[in-house]
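All of these numbers come straight from a predicted model, not from anything done at the bench.
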Amino acid sequence: MASNSDSIYNVLTYIHRHQDQVRFIQQRNSNVIAIGVPDSVPVANQELYFPVGHLLVNRMDDDFLAKNGELLNDFFDRTRSSKEDYREVWITTSYIPTEHMYLVEMSFE
């Protein structure tokens with residue numbers, strides 16, 4: 001299942017560790033952040049998790065949230081949400097070849 005993906009975890013970790021090499025994209029919704037990641041970053045199963053011209057939406061399962069809470073909290077802190085916490089995380093991914101980037105959008109519910 002995609003929500004347990006090491007690929008997603010690895011991309012999130014890359015973003016967290018290399019914030020100067022990614023592009024944070026302004027969002028209208030206060031509970032959402034979007035990030036452009038250069039396609040030079042290696043991604044396992046890229047065609048599965050970052051489809052060209054399509055969006056892949058995953059609700060991250062409870063195990064993923066429990067194992068990666070600290071990492072996810074850092075992303076949540078970047079939102080403009082008035083909520084103090086979240087119960088669900090939805091991650092939407094895609095590959096945009098004209099921009100040479102992977103799109104990662106995180107929604108905290």
Side-chain angles (χ1 to χ4, degrees):
M1 180 176 200
S3 64
N4 292 315
S5 165
D6 286 340
S7 294
I8 298 295
Y9 169 78
N10 290 337
V11 170
L12 294 179
T13 300
Y14 177 88
I15 295 166
H16 179 71
R17 291 182 179 163
H18 303 280
Q19 294 182 24
D20 60 326
Q21 297 177 24
V22 300
R23 183 174 62 171
F24 288 90
I25 304 164
Q26 184 70 28
Q27 294 297 296
R28 286 183 166 173
N29 298 326
S30 62
N31 65 322
V32 176
I33 64 168
I35 306 108
V37 179
D39 64 5
S40 58
V41 174
V43 175
N45 300 310
Q46 177 263 327
E47 66 285 346
L48 176 63
Y49 295 105
F50 293 89
V52 176
H54 294 86
L55 298 174
L56 178 68
V57 181
N58 285 293
R59 179 187 174 275
M60 306 317 282
D61 65 24
D62 291 339
D63 286 342
F64 188 92
L65 297 180
K67 290 178 187 175
N68 302 296
E70 190 173 317
L71 177 63
L72 295 171
N73 287 343
D74 286 342
F75 287 110
F76 179 69
D77 290 344
R78 288 187 159 272
T79 68
R80 295 176 285 120
S81 179
S82 59
K83 295 181 181 180
E84 293 185 21
D85 62 359
Y86 55 91
R87 296 185 189 266
E88 295 180 352
V89 176
W90 293 79
I91 298 181
T92 303
T93 55
S94 184
Y95 176 55
I96 307 168
T98 57
E99 298 290 325
H100 301 283
M101 79 173 173
Y102 301 116
L103 174 67
V104 177
E105 183 180 87
M106 302 175 70
S107 175
F108 295 87
E109 306 294 331

Taking only residues at least two apart or on different chains, which pairs with a member in residues 86-109 satisfy salt bridge (charged side-chain N to carboxylate O under 4.0 Å, His left out)? Arg59-Glu88
Grouping I, L, V, M, F, W and Y whenever their side-chain heavy atoms are under 4.5 Å apart, do Met106 and Leu65 come out in a common cluster? yes
Can you name the ring-ring contact (aromatic ring centres under 6.0 Å, His included) partners of Tyr95, sequence neighbours left out? Tyr102
So does Phe50 get a backbone contact from the side chain of Thr93, meaning a donor-acceptor N/O pair under 3.5 Å? no
What about Ile8 and Leu48, same hydrophobic cluster or not, with Ile/Leu/Val/Met/Phe/Trp/Tyr joined at side-chain heavy-atom distances under 4.5 Å? yes
Angle class for the Phe108/Tyr86 ring planes (parallel below 30°, perpendicular above 60°, tilted otherwise)? perpendicular
Is any side-chain heavy atom of Leu56 closer than 4.5 Å to one of Thr92? no
Given the rule in the side chain to side chain contact (heavy atoms under 4.5 Å, CB included) test, do Ser107 and Val89 qualify, once you have shown the distances and angles that lead to the verdict? CA-CA 6 Å; Ser107 175; Val89 176; over 6 Å; no
With a 4.5 Å cut-off on side-chain heavy-atom distances among I, L, V, M, F, W and Y, is there a chain of contacts connecting Phe24 to Leu72? yes
Side-chain (Asn68) to main-chain (Leu71) donor-acceptor, under 3.5 angstrom: no
Cluster overlap Trp90 with Tyr9, hydrophobic side-chain contacts below 4.5 Å: no
Side-chain donor/acceptor of Asn58 to backbone N/O of Met60, under 3.5 Å: no
Which atom pair, heavy atoms only, marks the closest approach of Lys83 to Phe76? O-CZ, 3.5 Å
Note: Ile25 and Ile35 closest approach over all heavy atoms is CD1-C, 4.2 Å
CD1 of Ile33 to CD of Gln26, rounded to nearest 0.5 Å, is 11.5 Å
Arg80 meets the side-chain hydrogen bond (donor to acceptor under 3.5 Å, both in side chains) criterion, sequence neighbours left out, with none
Flag, side chain of Ser7 to backbone of Ala44, donor-acceptor distance under 3.5 Å: yes
Same apolar cluster (I L V M F W Y, side chains within < 4.5 Å links), Met101/Val32: no
For the student: nearest non-hydrogen atoms of Gln19 and His16, plus distance: NE2-O, 3.3 Å
Closest contact, heavy atoms only, Thr79 versus Ser30: CB-O, 3.2 Å
Check whether more than 12 heavy atoms from other residues, nucleotides or ligands sit under 6.0 Å from atom CD of Glu70, and answer yes or no. no
Evaluate Ile91 against Leu12 for side chain to side chain contact (heavy atoms under 4.5 Å, CB included), listing each step before the verdict. CA-CA 10 Å; Ile91 298 181; Leu12 294 179; 3.9 Å; yes
Counting N and O atoms only, with roles assigned by atom type, does the side chain of Ser94 sit under 3.5 Å from a partner on the main chain of Pro51, one being a donor and the other an acceptor? yes
Checking His54 side chain against Val52 main chain: does a donor-acceptor pair fall under 3.5 Å? yes
